[in-house]
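These notes concern the structure reproduced below.
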Amino acid sequence: MKKKLNIDRLDVLAFLNGLVFYAPVALLVRTYAGVTMAQFFVLQAVLSLTVFLFEIPTGILTDKIGYKNTMVLAQGILVLARGLMIIAYLTGSFWLFAVEAVAEGFAACFLSGTQDAYVYSVYQETQYPVKIARVSNFGTAGFIVSTLFYVLLYRLGGIVILLVATVAACGTGLPCAAGLMPEPKTAGHVKEAQEQNHFHMLRIFRDAPMIRMVFLATGFSLAFLLINFFYVDKLLACGIQETWMSLIILVYSAIQMLAERLLDRIEGTSGRREMLGAILIAGILMVILAISTVPAVVVLIMVVLPLVLTFPEFLLNGMENVYIDRCGLSEQRAAILSVANMAGNLMEIVFLLASAYIAGIGTAACFIGAGLMLAIFGIAVCCHRA
């Protein structure tokens with residue numbers, strides 16, 4: 001019998017954290033305070049580097065203090081980071097912006113893998129994909145609401161009120177995090193693994209199934225980076241004004257929320273066939289997006305591609321958790337997931353540093369390469385039993 005997934009504090013927390021009212025003018029928050037474009041990219045690099053360097057230490061700490069406690073800690077740090085952003089904006093201090101980037105990086109580190117591990121420990125293998133998709137949907141809903149209210153708030157009080165509203169929403173999430181139910185305790189025979197050296201868990205990354213899953217996850221990270229950075233460039237290449245980008249974001253965010261429904265329909269199955277089909281479709285759509293110059297085709301692909309990528313990504317997250325259990329390393333789940341996420345972080349850093357070269361070879365080549373990468377590793381993961 002299916003357990004009904006009711007709206008709970010985790011869903012509300014995701015919605016509140018999705019209310020980033022300043023997101024449409026995130027660049028202006030810095031530049032209006034005197035930060036140059038060069039300094040802006042330095043701040044982004046500081047954020048990415050912080051996440052990359054502290055993924056493993058924070059993951060190890062998470063396994064020691066528990067998933068719920070870590071989520072409370074991460075929420076507190078996130079509130080601090082967004083509070084620092086207000087002060088940095090009002091004072092025009094680049095160094096405060098840098099401290100804010102480090103704080104936000106630490107919040108991301110603590111949440112990296114922790115939320116997935118928490119949901120998996122509470123809902124287990126059968127309901128994990130549906131629940132994690134629902135949490136993501138609530139975050140997306142928050143993003144949509146904040147985007148819709150952005151214009152009104154901006155006219156009322158400019159950037160300051162956008163920042164204050166974001167901090168208020170984030171701060172409201174703190175008692176939600178504190179009110180989460182504790183994750184269940186693991187069995188005693190697994191507890192013995194906790195006494196081992198945490199670096200012993202790295203042996204899982206010598207296993208071919210885990211390596212394939214990590215590479216596929218990196219492919220998803222690269223695909224979403226291309227969406228975030230180059231959708232506007234593709235619109236302009238097709239003769240579409242960049243002002244349409246906001247509408248496209250809202251539409252694909254709403255469509256992306258259908259992932260929960262799709263996952264619910266295949267609950268109780270391995271999902272490998274559906275996962276492979278979605279990955280191959282995503283790869284084909286990315287290739288068509290790269291070569292097409294027909295505005296209607298380009299826009300249609302843009303609004304459905306995030307859903308086609310999100311659906312198999314959730315299934316992959318579930319597969320990673322199942323494999324961790326199979327290896328008897330559930331007590332070190334957060335640390336392992338953090339290490340796995342480092343591959344995506346490394347890809348992001350390389351992408352930022354190589355942005356000039358990527359622009360030189362063209363966005364079409366990037367989308368084609370990413371699409372082929374997804375197809376290759378999707379076949380490798382789905383056609384080999386872990």
Side-chain angles (χ1 to χ4, degrees), residues 16-55 57-58 73-112 139 142-143 146-147 149-151 153-174 177 221 224-225 228-230 232 242 245-246 249 341-342 344-356 359:
L16 292 170
N17 284 341
L19 293 172
V20 184
F21 294 96
Y22 66 84
V25 289
L27 176 63
L28 300 183
V29 172
R30 279 83 171 182
T31 56
Y32 279 11
V35 173
T36 66
M37 285 300 296
Q39 289 174 326
F40 174 77
F41 283 109
V42 169
L43 292 174
Q44 294 302 111
V46 167
L47 173 60
S48 298
L49 190 60
T50 300
V51 174
F52 180 74
L53 291 177
F54 293 97
E55 277 273 14
T58 54
L73 176 62
Q75 190 68 21
I77 296 175
L78 188 60
V79 174
L80 172 64
R82 290 179 174 171
L84 284 171
M85 183 175 289
I86 295 179
I87 301 174
Y89 175 76
L90 293 174
T91 61
S93 171
F94 169 78
W95 294 108
L96 273 179
F97 276 119
V99 174
E100 182 275 331
V102 172
E104 190 170 335
F106 268 101
C109 284
F110 279 115
L111 283 177
S112 175
F143 170 76
S146 63
T147 301
F149 277 89
Y150 145 73
V151 175
L153 291 176
Y154 190 59
R155 288 179 177 176
L156 288 176
I159 289 177
V160 172
I161 196 170
L162 296 175
L163 293 171
V164 171
T166 302
V167 172
C170 187
T172 306
L174 197 53
S221 296
F224 279 110
L225 274 175
N228 293 334
F229 278 85
F230 291 135
V232 173
E242 66 273 19
M245 192 62 221
S246 296
I249 291 174
N341 288 336
M342 284 181 67
N345 296 333
L346 181 59
M347 177 65 71
E348 183 174 342
I349 293 172
V350 172
F351 179 83
L352 288 170
L353 294 177
S355 57

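As the structure is a prediction and not an experimental result, all values here were calculated from the model.
- Shown here are the side chain to side chain contact (heavy atoms under 4.5 Å, CB included) partners of T91, two or more places apart in sequence or in another chain: I87, S93, L96.
- Nearest approach of L111 to A74, heavy atoms of both residues: CG-CB, 3.6 Å.
- For the pair Y150/L162, a side-chain contact is recorded, criterion being any heavy-atom separation below 4.5 Å from C-beta on.
- The closest donor-acceptor contact from the side chain of T50 to the backbone of F106 lies at 3.5 Å or more, if one exists at all.
- Under the rule for a side chain to side chain contact (heavy atoms under 4.5 Å, CB included), the partners of L53 that lie at least two apart in sequence or sit in another chain are L49.
- Heavy atoms only, all atoms of each residue included: V51 and G105 are closest at CG2-O, 3.6 Å.
- Side-chain contact between I249 and F143 is present, with at least one heavy-atom pair separated by less than 4.5 Å.
- Residues passing the side chain to side chain contact (heavy atoms under 4.5 Å, CB included) test with I86, sequence neighbours excluded: L90, L163, V164, V167.
- Here L73 pairs with I77, F110 under the side chain to side chain contact (heavy atoms under 4.5 Å, CB included) rule; sequence neighbours left out.
- Heavy-atom minimum distance, L19 versus G142: CD2-O, 3.2 Å.
- Evaluation of the side-chain hydrogen bond (donor to acceptor under 3.5 Å, both in side chains) test over residues 73-88, restricted to residues two or more places apart or in two chains, returns N17-Q75.
- Among pairs with a residue in residues 78-103, none fulfils ring-ring contact (aromatic ring centres under 6.0 Å, His included), at least two apart in sequence or across chains.
- Summarising the geometry, atom CD1 belonging to I159 is positioned 10.5 Å from atom CZ belonging to R30; distances are rounded to the nearest 0.5 Å.
- Separating the CG atom in L80 from the SG atom in C170 is a distance of 10.0 Å, to the nearest 0.5 Å.
- Shown here for A81 and A103, the closest heavy-atom pair between the two residues is CB-CB, 3.8 Å.
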